[in-house]
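Residue numbers run from 1 in the order of the sequence given. As a basis for the values below, the full set of heavy atoms in this structure was taken, side chains included, without hydrogen atoms, waters or symmetry mates. Quick caveat: nothing in here was measured; it's all calculated off a predicted structure.
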Amino acid sequence: MPENIERKVAQTILQQPEEITVGDKVYQAAPPSAATLILVSEAVARMPKVQLDAERIVDEVLSIGKDCRPMGEIIAILILGAKGLTETRKTVKTIEKRRFWGLVKETEQVEVEETIDHKSELAKSLLEDITPRELHNLAARLLQRSQVADFFGLTTFLTEINLLRQTREVEAETTAFGQ
């Protein structure tokens with residue numbers, strides 16, 4: 001259901017969480033963070049590196065489609081955020097032990113830590129339960145709210161500082177050796 005512009009603006013200004021339904025589950029989109037964008041960048045790097053020919057869409061999609069599984073992972077990361085990708089739960093399990101050549105059976109309660117991979121579960125669901133158009137629109141919407149421009153500004157600023165520092169070191173070495 002399309003939302004009006006006022007509601008979208010209010011959600012953005014108030015930083016209200018966006019609800020996203022995938023299959024039969026509803027997720028609260030995580031707030032933007034640098035860690036999330038870094039993880040998205042790592043997943044994007046696993047996408048195929050090819051220049052697609054727009055005049056041969058079907059051929060192109062079918063030839064690289066097998067390598068595009070990271071799409072689900074990228075959108076799952078944007079939805080869950082860096083902090084929500086996995087969850088560690090402690091559960092108590094009953095272990096059965098047999099002693100004296102199997103004649104005596106004992107049970108013991110043991111605390112076990114399980115790691116639940118929410119990212120893989122959601123990525124699989126995104127690829128299986130959502131149409132390509134919905135996936136595209138969802139990715140665009142999530143990237144729009146993830147403050148990519150601010151992250152770009154920060155990385156550009158820090159990269160320039162790093163470049164300036166290297167230039168100064170090289171100039172200092174040249175001056176020292178040139179005299």
Side-chain angles (χ1 to χ4, degrees), residues 1-89 113-163:
M1 171 159 70
E3 294 182 22
N4 62 30
I5 293 174
E6 292 84 9
R7 183 172 173 186
K8 286 183 180 180
V9 170
Q11 283 179 332
T12 303
I13 291 171
L14 299 173
Q15 294 186 346
Q16 293 176 330
E18 182 178 352
E19 283 191 353
I20 298 167
T21 304
V22 180
D24 59 350
K25 286 189 171 182
V26 177
Y27 296 89
Q28 296 288 327
S33 76
T36 298
L37 288 174
I38 290 166
L39 292 171
V40 167
S41 174
E42 289 173 355
V44 167
R46 290 193 296 279
M47 291 289 291
K49 293 164 184 60
V50 293
Q51 186 68 32
L52 299 177
D53 183 358
E55 295 192 16
R56 299 179 46 222
I57 292 174
V58 174
D59 295 340
E60 296 286 345
V61 168
L62 293 177
S63 69
I64 67 158
K66 67 186 183 312
D67 301 320
C68 292
R69 208 168 292 281
M71 278 191 311
E73 184 181 344
I74 291 164
I75 298 170
I77 293 167
L78 287 168
I79 292 171
L80 298 171
K83 292 181 180 178
L85 300 179
T86 59
E87 177 184 353
T88 303
R89 291 185 187 160
E113 248 185 37
E114 293 178 310
T115 300
I116 297 142
D117 188 358
H118 294 300
K119 179 181 72 172
S120 293
E121 290 174 6
L122 179 54
K124 184 177 187 290
S125 183
L126 284 162
L127 294 175
E128 292 175 354
D129 298 335
I130 292 185
T131 67
R133 176 174 286 143
E134 292 170 327
L135 207 57
H136 176 259
N137 291 338
L138 179 58
R141 198 167 72 237
L142 290 168
L143 281 169
Q144 186 177 26
R145 70 184 293 276
S146 66
Q147 301 175 3
V148 173
D150 293 321
F151 186 78
F152 176 76
L154 175 62
T155 56
T156 302
F157 170 71
L158 294 174
T159 302
E160 287 175 3
I161 288 174
N162 195 31
L163 288 174

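By the neighbour-count criterion of 12 heavy atoms within 6.0 Å, atom CD of Glu134 is densely surrounded, having more than that number from other residues, nucleotides or ligands. Around CD of Glu128, the count of heavy atoms belonging to other residues, nucleotides or ligands within 6.0 Å exceeds 12.
The structure places CD of Glu87 at 15.5 Å from NZ of Lys119, a figure rounded to the nearest 0.5 Å. Residue Leu78 holds its CG atom at 10.5 Å from CG of Leu122, rounded to the nearest 0.5 Å. One finds the CD1 atom of Ile64 at 6.5 Å from the CE atom of Met47 (value rounded to the nearest 0.5 Å). Note that OG1 of Thr86 is 7.5 Å distant from NE2 of His118, once rounded to the nearest 0.5 Å. Note that CG of Asp59 is 7.0 Å distant from CG of Leu62, once rounded to the nearest 0.5 Å. To the nearest 0.5 Å, atoms CD1 (Ile75) and CD1 (Ile130) are separated by 7.5 Å.
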For this session: Quick one: do Asp117 and Glu121 satisfy side-chain contact (heavy atoms from CB on, under 4.5 Å)? Show the steps, please.
Result: CA-CA 7 Å; Asp117 188 358; Glu121 290 174 6; 5.7 Å; no
Exercise. Is there a side-chain contact (heavy atoms from CB on, under 4.5 Å) between Val50 and Asp67 once you walk through the steps?
Worked result: CA-CA 11 Å; Val50 293; Asp67 301 320; over 6 Å; no
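Judged purely by atom type and a 3.5 angstrom limit, Thr159 uses its side chain to pair as donor or acceptor with the backbone of Thr155. No donor-acceptor distance shorter than 3.5 angstrom exists from the side chain of Thr21 to the backbone of Val26, with no hydrogens or angles considered.
A pairwise comparison of heavy atoms in Gln147 and Leu37 identifies O-CD1, 4.1 Å as the closest pair. Nearest heavy atom pair, residue Pro48 against residue Cys68, reads CG-SG, 3.9 Å. Summarising the geometry of Ser146 relative to Leu143, their closest heavy-atom pair is OG-O, 2.8 Å, with the distance given to 0.1 Å. Residues Ala123 and Ala76 share a closest heavy-atom pair of N-CB, 3.9 Å. Leu52 and Glu60 make their closest contact through CD2-OE1, 3.4 Å (heavy atoms, listed as atom of the first residue, atom of the second, distance).
Taking the side chain as every heavy atom from C-beta outward, Leu135 and Leu127 approach each other to under 4.5 Å. The shortest distance between side-chain heavy atoms of Leu142 and Ile20 falls below 4.5 Å. Using a 4.5 Å heavy-atom cutoff, the side chains of Leu138 and Leu126 are in contact.
Sorted by first and then second residue, the side chain to side chain donor-acceptor pair (under 3.5 Å) pairs with a member in residues 38-51 read Arg46-Glu73; sequence neighbours excluded.
Side-chain atoms of Gln28 and Glu19 include a donor-acceptor pair closer than 3.5 Å.
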